[in-house]
Amino acid sequence: MPIHRLPPSLINKIAAGEVIERPASVVKELMENAVDAGATRIDVRVEGGGAEMIRVVDNGGGIAADDLPLAVASHATSKLAEADDLFRVATLGFRGEALASIAEVSRLAIRSRTAESESGAEIEVVGGSASEVSPCGCPVGTTVEVRNLFFNTPVRRKFLRSKQTEMGHTSEAFTRIALARPHVHFTLGHNDRQALDLAAGQDGRERIASVAGRSLAEGLIWVESTHGDVQLSGYVAHPSHSRGNSRMQYLFLNGRYIRDRALQHALSEAYRGLLMTGRYPIAFLWLAMPPELVDVNVHPTKLEVRFQNADRLYSQLLSTLRAKFLSTDLTARVESLPDDDPTGAHDEGQTAQVRQQVVDWAKGEIASWGRQSAPGADDGGAASLGPRVSPPQTAPLELTRLDRAWAPAAEDEPDEEPPPGAHATSPAPGSFPDVPVKAMQVHNRYLVTETDEGVMVIDQHALHERILYEQLKGRVMSGAVESQSLLVPEPVDLSPAEAAAVLEHRELLAKLGMRIEPFGGDTILVAGYPAMLANMNPAEVLHGLVDRLVSGGKLPDQRDLLDELLHTIACKAAVKAGDRLAPEEIEALLKRRHLIDDAHHCPHGRPAAVVLSREELDRQFKRV
Ligand code: ADP
Ligand code: MG
């Protein structure tokens, strides 16, 4: 085929493909234009997650009537005059292709008026073909309305996800710009609902509180430093707050939200030893430097930039945070927080107490196996699942009795009666009901037991996790996960993307016993949660699940997701290395050890059991 120049409309479609990925990209570009126009108030309204309609109204400088056709033409901008300007960009936009790209793949209308002009003017562009400019009445500033995004690019349209998910992305785009410019008044409305109203002149912390929740904002630590021309200021979260991914790391460079791997790494380094592996710090950091020290023209949506002196910036961030952490008595703060780990180590502290409760629950759970004689015919051991406030049904005693029923060789406390029906219980296939289990716990983490072949050393956590996983899965499959209703539904603050993900996966979560209601904004209500996690804080359970839902670029398939969630719950609920187990508990666990016989590995890939064969032992002791 001969080489030929592409027609402008095709060029624009190609550009649109890079820049306009989904409604959120449109919101970003339009808001950036409004900010560049010097607006002090920007109102964003979307319908149908943004796919149906996006309107951005600003009170900025406006566009002169004569300039309107140029505004929607490609490679037309008022922000660069000469080549050198590209190396000192002080505006958010500069390529002059956003409006043209959007106009190519939607129905776009602009109404605008400058302060000098008596009246306004408007232009409409449908799928790239522009109308004449006509006069209209409007206040000073600009209104851009985008309807039917991707109406003429069906492939793109097909890739749009549910309205809720798109709205999640849209509010994340909104949030990034709103955080980057705390002094500007922003509002966000979705359909008929006012989602956010962020007053002008908020300081950073207030703005963070408005978009990310008050509880998070209150615990933030202020950091600042100036090295030469580079100023750094903002907030980082106390180590007791962290996330399972890096989404809550907001970095702003000269008022622009950016992602930067090196700086994210510096953050992680600063928190080294303060967070568990796999946890990410939360940060809101504003960087200011002369524009010539950074190249913003390296990424289609300008999400990434190139710093002239990346190394120096890295050390500035790291040293600022380290110095702050050294001078802040993190330990003291941790102790004053109710649930925390006195070592101040990390958010594992919060789980210390929970863990104990979970262990208690787990004991009850083990005990309840005995009662599950006829599948579906019992209450799933509900009595032992609730919070441990009703002593008559609590776990350990039950456990002792039930296990004696299973394992008659246990000889202490002979006066206890097995509960009615327990003897009739037929054991699960593959368990070892009649053989007394000879076993001991060592270092509060391994169970050592005799097998036909030799000696087996079992990781107690891995085994219990496996047992709970199988059990949970059975219940999920039979639709029998009990959900404990909360008398007063508990509100949980999430980021917009998290809230959207949670709402989108409501049904799936409901299968797991987690009942979710929308509340408004990015707050959601937990109305019920898995009874088996009754001793854990609903917010914490939800946060754990949310991290799974939003991590990873592409959405996992339902089955995988369910499976992962089951693993997460099982892992949280299982006894941990370091938990001392009662002999009955050891026995109860070992009765199900066939579960790790099938799969010798815990879901993290570590071996769950190690077998020393008799021959091996004989060899070691020089008996052969
Ligand atoms: P860029 O922002 O890269 O210049 P755009 O296609 O986004 O390119 O916008 C083209 C031009 O239209 C801008 O340079 C600006 O002059 C004008 N413009 C767009 N939106 C607005 C607005 N909200 N207020 C004032 N001028 C605007
Ligand atoms: Mg622009």
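Note that ligands are numbered from 1 as they come in the structure, with each ligand's atoms numbered from 1 the same way. Note that the structure is a prediction, hence the values are computed from the model and not measured. All residue numbers refer to positions in the sequence shown, counting from 1.
Comment: Asp43 does not engage Arg45 in a salt bridge, judged by the lack of any side-chain N to carboxylate O separation of less than 4.0 angstrom. Between Arg147 and Glu145 there is a salt bridge, since a side-chain N of the basic residue sits under 4.0 Å from a carboxylate O of the acidic one. Salt-bridge check for Glu498 with Arg243: passed, with a basic side-chain N closer than 4.0 Å to an acidic carboxylate O. Lys163 and Glu166 are not joined by a salt bridge, as no carboxylate oxygen comes within less than 4.0 angstrom of a charged side-chain nitrogen.
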Atom pairs and distances, ligand 1 N/O vs protein N/O under 3.5 Å:
residue  : atom   : partner : partner atom : Å
ligand 1 : 2 (O)  : Asn33   : OD1          : 2.9
ligand 1 : 2 (O)  : Lys79   : NZ           : 2.7
ligand 1 : 3 (O)  : Phe94   : N            : 3.0
ligand 1 : 3 (O)  : Arg95   : N            : 3.0
ligand 1 : 3 (O)  : Gly96   : N            : 2.7
ligand 1 : 4 (O)  : Thr77   : OG1          : 2.5
ligand 1 : 6 (O)  : Ala98   : N            : 3.3
ligand 1 : 6 (O)  : Leu99   : N            : 2.9
ligand 1 : 7 (O)  : Asn33   : OD1          : 2.9
ligand 1 : 7 (O)  : Asn33   : ND2          : 2.8
ligand 1 : 8 (O)  : Gly96   : N            : 3.4
ligand 1 : 14 (O) : Thr77   : OG1          : 3.3
ligand 1 : 14 (O) : Ser78   : N            : 3.0
ligand 1 : 14 (O) : Ser78   : OG           : 3.2
ligand 1 : 16 (O) : Ser78   : OG           : 2.5
ligand 1 : 20 (N) : Asn33   : ND2          : 3.4
ligand 1 : 23 (N) : Asp58   : OD2          : 2.8
ligand 1 : 24 (N) : Thr142  : OG1          : 3.3

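Distances under 2.8 Å from the Mg ion (ligand 2) pick out the protein N/O/S atoms Asn33 OD1.
Screening residues 87-101 for salt bridge (Lys or Arg N to Asp or Glu O under 4.0 Å) gives Asp85-Arg88 as the qualifying pairs, with residues at least two apart or on separate chains.
Results of the ring-ring contact (aromatic ring centres under 6.0 Å, His included) test with Tyr235 over Phe284, Trp222, Phe252 single out Trp222 as the only residue that passes.
Scanning for side chain to side chain donor-acceptor pair (under 3.5 Å) contacts around Arg111 gives an empty result, with sequence neighbours left out.
Taking the centre of each ring, Phe159 and Phe150 stay at or above the 6.0 Å mark.
Counting non-hydrogen atoms of neighbouring residues, nucleotides and ligands closer than 6.0 angstrom, the CG atom of Asp192 reaches no more than 12 such neighbours.
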